[in-house]
Amino acid sequence: MNAEVRRGTGSSGTDGGARGTVWLVVFGLGGLLPYAFLAYLSQRFVFGQGHTERPIVQVVVLLSAAWVAWIAACYVVRRSIPPVQSGTDGVQRELWPLTVVFLFACLYRLVLIPSRPIQEADLYRYLWDGRLVLAGVNPYRYTPAEIAERLTVAYERQQRGLPVHLDQDDQRLAETLGEHHVYNRRLFWLALAHHGGMPTTYPPMAQAVFAFVAWLCPDISPVEERTTVLKAVLVCFDLATLLVLLNILHHFRLPLSWSVVYAWCPLVLKEVANSGHVDSVAVFFCVLAWWCGLRQRWGWAGLTWALAVLTKAYPLALLPILLAWIGATGGRWAYLRFFGVAVPVLLGVVALALPTNSQHTPFTGILIFLREWEMNDALFHATRRGVEWLLPEDWRERITTWPYWPRRLPRDTPDEIAHLTAWAALGGGLFASQIRRYGVLPVSPGFVFAYGLHAWAYLVVSCWLAWRTLRQVQATIGLADQCDRLLHSQRAWFTTTFSSLAWFFLLLPTGNPWYFLWALPWLIWAQRFAWYLLPGLLAQYYLYFWFVYHYPEGGAGVLATGLPGYRFFHEVWVWVEYGPFFACWLIEVWYRRKRTN
């Protein structure tokens with residue numbers, strides 16, 4: 001599936017392109033059936049009801065069937081569809097396969113947008129946060145549980161005839177949840193039932209999108225209609241990403257039909273059109289930033305990258321790649337234009353989002369998430385288990401009770417010692433204080449250490465990728481055609497961006513499938529088939545809920561393991577999910593090295 005493979009092998013000319021288009025239609029229709037059945041089965045996924053009767057296994061099978069149709073379509077466009085050519089004939093050859101790709105992409109999304117979210121509840125929090133913003137309440141100030149407590153106390157005091165003092169935000173909340181706003185109250189209880197005690201984790205730009213959706217939906221709109229509108233808005237960003245990708249493919253002189261890699265990907269369709277994840281907004285701004293970088297518009301790239309970070313923080317992981325790319329293509333002034341726009345936008349928006357008279361900040365929810373969540377991980381789980389096996393049982397007490405963490409420094413301390421001690425305090429004392437403060441949380445002993453190891457691993461990987469790409473760019477200096485040299489170097493940066501985001505996903509402690517959406521627009525430039533295998537395997541994430549529902553803790557264990565459902569998934573099944581990918585990746589690495597030698 002390498003983007004550098006020679007196009008047109010297998011069939012060539014008009015006949016090959018026509019046959020490829022026909023096969024593309026066949027596989028497009030083959031993918032439509034699983035999505036239609038998926039929309040039908042989604043009606044049995046009612047929030048909080050009928051857990052054991054949910055057809056989760058059937059959903060995984062349908063997503064796997066859709067993956068087969070998608071991978072076949074990817075093969076067709078790689079091998080049979082001719083590249084972009086000049087002249088009328090070239091445009092016509094590219095027009096028909098692109099039309100098929102775009103029409104089926106829209107059709108798939110139209111089928112899934114009205115469907116009920118399958119094993120997903122995040123969008124209820126999206127809608128509630130948007131309703132708070134529209135009511136003039138800072139969504140970072142209160143959790144849903146705190147809102148319920150405040151309004152309950154006020155109601156009880158009112159019933160007993162005691163004076164009730166409500167501030168402006170409390171009055172707005174009481175009005176939003178008034179008796180005549182039945183659907184607002186239902187939405188609030190849905191948000192309260194799904195991690196209602198946790199502050200919102202969504203950055204300010206995401207809140208702006210939620211508020212826009214709330215503005216589109218009046219208070220009399222049922223929750224089901226609001227979720228449909230939300231998913232429609234997120235799909236608009238998804239399709240906008242596809243349009244930007246078409247421009248990028250045209251820039252690289254690649255067939256526009258290669259956009260099928262993103263347009264028909266079942267992971268994109270499930271997690272955006274059905275589940276309604278806000279990641280599609282961040283992905284759009286991130287891809288747009290790379291498009292601006294291709295055109296050397298580094299000021300605009302800084303703006304769109306900042307908007308991506310303000311929607312989902314993951315683009316921060318691309319900083320090593322960005323620094324190398326900007327330095328290699330634009331130099332010092334490009335750095336100034338990029339960060340001269342990005343930094344003020346980030347700081348300004350965060351400053352405006354800070355709530356008043358609250359113990360929460362826009363970062364509180366994200367920090368809690370990073371500190372507590374571990375889900376669907378393979379590498380991180382293995383690292384954590386290994387660290388826990390090596391660490392003594394009383395590791396936390398030994399670290400946090402060490403008496404020599406620096407507290408204060410004498411005024412006459414030399415600067416060199418003061419600086420070293422300050423770094424020690426930052427890396428030791430503050431770290432220890434955080435462990436002391438949050439030591440009662442359900443965090444396994446090796447969690448923090450595994451986090452540190454994986455953070456260093458990703459930093460090393462991303463820096464190595466950036467260094468390797470710089471060497472590849474320098475190797476193109478000898479090319480006679482200046483245009484070919486530029487395109488080759490730019491493709492190298494896109495390949496590196498995919499590799500960086502893909503390994504970032506694999507090293508995370510939380511491997512939610514929709515997090516791999518971050519890398520999917522760059523999958524076109526992936527160099528190994530294993531990466532095309534991963535989106536299909538990630539559908540098995542939903543089997544976690546099947547195991548939990550059918551094998552709860554305290555009941556019968558799964559098969560002969562005796563493990564409850566959630567432990568069986570994390571200890572055993574996660575390797576069934578990721579194992580084929582790692583095996584395929586290792587085989588490809590070995591085979592490539594063998595051919596090179």
Side-chain angles (χ1 to χ4, degrees), residues 1-5 7 73-74 77-78 81-86 90-91 94-95 97-99 101-102 105-106 236-265 268 272 279-305 307-308 314-315 318 321-322 324-326 328-330 334 338 465 469 472-473 476 483-502 516-527 531-532:
M1 293 293 180
N2 189 352
E4 302 295 335
V5 297
R7 291 155 288 174
C74 291
V77 298
R78 294 282 188 172
I81 306 299
V84 181
Q85 301 176 6
S86 59
V91 173
E94 185 70 12
L95 177 63
L98 176 61
T99 302
V101 169
F102 192 76
C106 294
C236 287
F237 282 98
D238 175 36
L239 292 175
T241 301
L242 178 59
L243 295 178
V244 177
L245 275 177
L246 291 174
N247 282 279
I248 294 174
L249 289 170
H250 179 71
H251 174 85
F252 284 134
R253 303 176 185 174
L254 297 174
L256 301 185
S257 56
W258 283 17
S259 59
V260 73
V261 174
Y262 178 84
W264 291 11
C265 182
V268 176
V272 178
D279 300 70
S280 65
V281 182
V283 168
F284 164 71
F285 284 121
C286 197
V287 174
L288 188 60
W290 258 241
W291 168 237
C292 294
L294 283 179
R295 300 174 62 84
Q296 299 296 303
R297 305 290 179 85
W298 292 113
W300 286 104
L303 174 63
T304 50
W305 178 80
L307 293 177
Y314 82 88
L318 291 171
I321 309 299
L322 268 173
W325 185 21
I326 296 173
T329 58
F338 183 90
L465 288 170
T469 307
Q472 292 176 354
V473 170
T476 62
C483 185
D484 285 344
R485 175 196 167 195
L486 179 62
L487 289 177
H488 183 80
S489 63
Q490 289 176 338
R491 289 184 190 182
W493 288 113
F494 271 65
T495 302
T496 298
T497 300
F498 170 79
S499 299
S500 179
L501 286 173
F516 197 62
L517 295 181
W518 307 341
L520 281 177
W522 288 272
L523 182 60
I524 297 170
W525 290 271
Q527 296 182 343
W531 295 113
Y532 285 79

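Numbering starts at 1 and runs along the sequence shown.
Using a 4.5 Å heavy-atom cutoff, the side chains of Q527 and F498 are not in contact. Using a 4.5 Å cut-off on side-chain heavy atoms (C-beta onward), R78 and I524 make contact. Within the 4.5 Å cutoff, side-chain heavy atoms of W290 are placed close to those of L322. At a threshold of 4.5 Å between non-hydrogen side-chain atoms, the residues Y262 and V101 do not count as touching. Inter-residue side-chain proximity for W298 and T329 is flagged as met; some heavy-atom pair is nearer than 4.5 Å. Side-chain contact between F252 and L294 is present, with heavy atoms from C-beta onward closer than 4.5 Å.
Here the CG atom belonging to L95 is positioned 11.0 Å from the OG atom belonging to S257, to the nearest 0.5 angstrom. Q296 contributes atom CD, which lies 9.5 Å from atom CD1 of I326 (distance to the nearest 0.5 angstrom). For the atom pair OG (S500) and CD1 (I321), the distance works out to 4.5 Å, reported to the nearest 0.5 Å. Atom CG of residue L288 and atom CD1 of residue I248 lie 8.5 Å apart, to the nearest 0.5 angstrom. C286 SG to W291 CH2: the interatomic distance, rounded to the nearest 0.5 Å, is 15.5 Å. In this structure, OG in S259 is found 9.5 Å from CH2 in W264, a value given to the nearest 0.5 Å.
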Check your understanding: So L242 and F102, side chain to side chain contact (heavy atoms under 4.5 Å, CB included) or not? Walk me through it.
Key -> CA-CA 9 Å; L242 178 59; F102 192 76; 3.9 Å; yes
Point to revise | Test side chain to side chain contact (heavy atoms under 4.5 Å, CB included) applied to L246 and L98, step by step | key: CA-CA 10 Å; L246 291 174; L98 176 61; 3.7 Å; yes
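Aromatic rings of W525 and W258 (six-membered ring for Trp) have centroids beyond the 6.0 Å cut-off, not under it.
The side-chain hydrogen bond (donor to acceptor under 3.5 Å, both in side chains) search around T241 returns none, not counting sequence neighbours. Looking at residues two or more places apart in sequence or on another chain, you find no side-chain hydrogen bond (donor to acceptor under 3.5 Å, both in side chains) involving W493. Residues passing the side-chain contact (heavy atoms from CB on, under 4.5 Å) test with L501 are Y314, L318, T497, A519, W522, sequence neighbours excluded.
Between V260 and C74, the shortest heavy-atom contact is CG1-CA, 4.3 Å. The shortest non-hydrogen separation linking L465 to T469 is O-OG1, 2.7 Å. The nearest pair of heavy atoms linking V473 to S489 is CG2-CB, 3.7 Å. Taking each heavy atom of V287 and P521 in turn, the nearest pair found is CG2-CB, 3.6 Å. Y532 approaches V261 most closely through the heavy-atom pair CE2-CG1, 3.8 Å.
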